[in-house]
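Residues take their numbers from the sequence shown, with the count starting at 1. When a ligand or atom number is given, it counts from 1 through the structure's own listing order.
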Amino acid sequence: MSTVELSTSSSGVASAYARVVSRIAEAAREVGRDPASVTLVAVTKTFGGEDILPVLYAGQRVFGENRVQEAQRKWPALLEQFPDIELHLIGPLQSNKARDAVALFDVIQSLDRESLAAELAKAIARADSGRTPRFLVQVNTGLEPQKAGVAPDDTQAFVEMCGQRYGIVADGLMCIPPVEENPVPHFAMLARLAEQLGLRQLSMGMSGDYEQAIAQGATMVRVGSAIFGARE
Ligand SMILES: *Cc1c(COP(=O)(O)O)cnc(C)c1O
């Protein structure tokens, strides 16, 4: 397998990455949190190995992709070079891709319906690798009809059903607030829900609002464009 080479814009990406890392630490300290309690998920959708390598060399190991097929094209070569990479699926997952997702991803952040839990359980049972990803339940905090995720009021029943019926145990919750709204009430709602359900992981906050999410208790922030630049 060929190795991926650095592009000339790599120093821009590396310095943007360093800035995000230090802003995350600062945002955590400002609210009395340990910076190590916040995991940066570097979102690499639409970007290739030449953009990803500078942050790998800088020590980043946790990455997010929103499409299974794009991730399958991009990551196997990088995983050969850096076997300790942790990959998160942060986009909608079709049931017929459950098997591929279980084979590639360490964390699936978009669990949002029973049919998907059923397919994931089957995929895990069949996987010869013995791999079991960790799961976050996506919550549609803004009740947006076009957006994936379970309604806040249905989250407890959904989490319990996934565990009891399928052995799919959620580690935490994830949300994507409506773009045109103040995200803070959405982050606060997700944090409250996770606390009520005794779930540890809270995936919330993107390039425009990750510091606010950290103030509300985010344990994972998903940051793409602030590191890699604007997407086409
Ligand atoms: C693309 C994406 C992100 C990153 O968005 P940026 O604004 O580029 O940081 C985070 N979460 C999800 C679910 C995404 O699809």
Tell me the protein heavy atom at minimum distance from [atom], and give that distance in Å.
atom: atom 10 (C) of ligand 1; answer: M206 SD, 3.2 Å
atom: atom 11 (N) of ligand 1; answer: R222 NE, 2.9 Å
atom: atom 15 (O) of ligand 1; answer: K45 NZ, 2.7 Å

Report task. Test salt bridge (Lys or Arg N to Asp or Glu O under 4.0 Å) on E86 and R134 and set out the steps. Result -> CA-CA 11 Å; E86 180 178 296; R134 287 171 280 141; 3.2 Å; yes

Query raised in the report: Counting from 1, what ligand 1 atoms have a heavy atom of S207 closer than 4.0 Å?
Result: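 So the answer, numbered in order with elements, is 6 (P), 7 (O), 8 (O), 9 (O).
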
Report summary line: A student checking ligand 1 against V223 at a 4.0 Å heavy-atom cut-off should list atoms 9 (O)

Report task. For the pair E211 and R23, find out whether any cationic side-chain nitrogen is under 4.0 Å from an anionic carboxylate oxygen. Result ->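 Salt bridge flag = yes for R23 with E211.
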
Query raised in the report: Is Q109 near ligand 1, meaning one of its heavy atoms is under 4.0 Å from it?
Result: no

Query raised in the report: Will you find, in the side chains of E65 and T44, an N or O donor that is under 3.5 Å from an N or O acceptor?
Result: yes

**Report entry** ligand 1 to G224 polar contact by distance, N or O atoms, under 3.5 Å
**Finding:** yes

Report task. To the nearest 0.5 angstrom, please state how far the CZ atom of R61 sits from the CD1 atom of I85. Result -> 6.5 Å

Query raised in the report: Between the side chain of S207 and the main-chain N/O of A226, is any donor-acceptor distance below 3.5 Å?
Result: yes

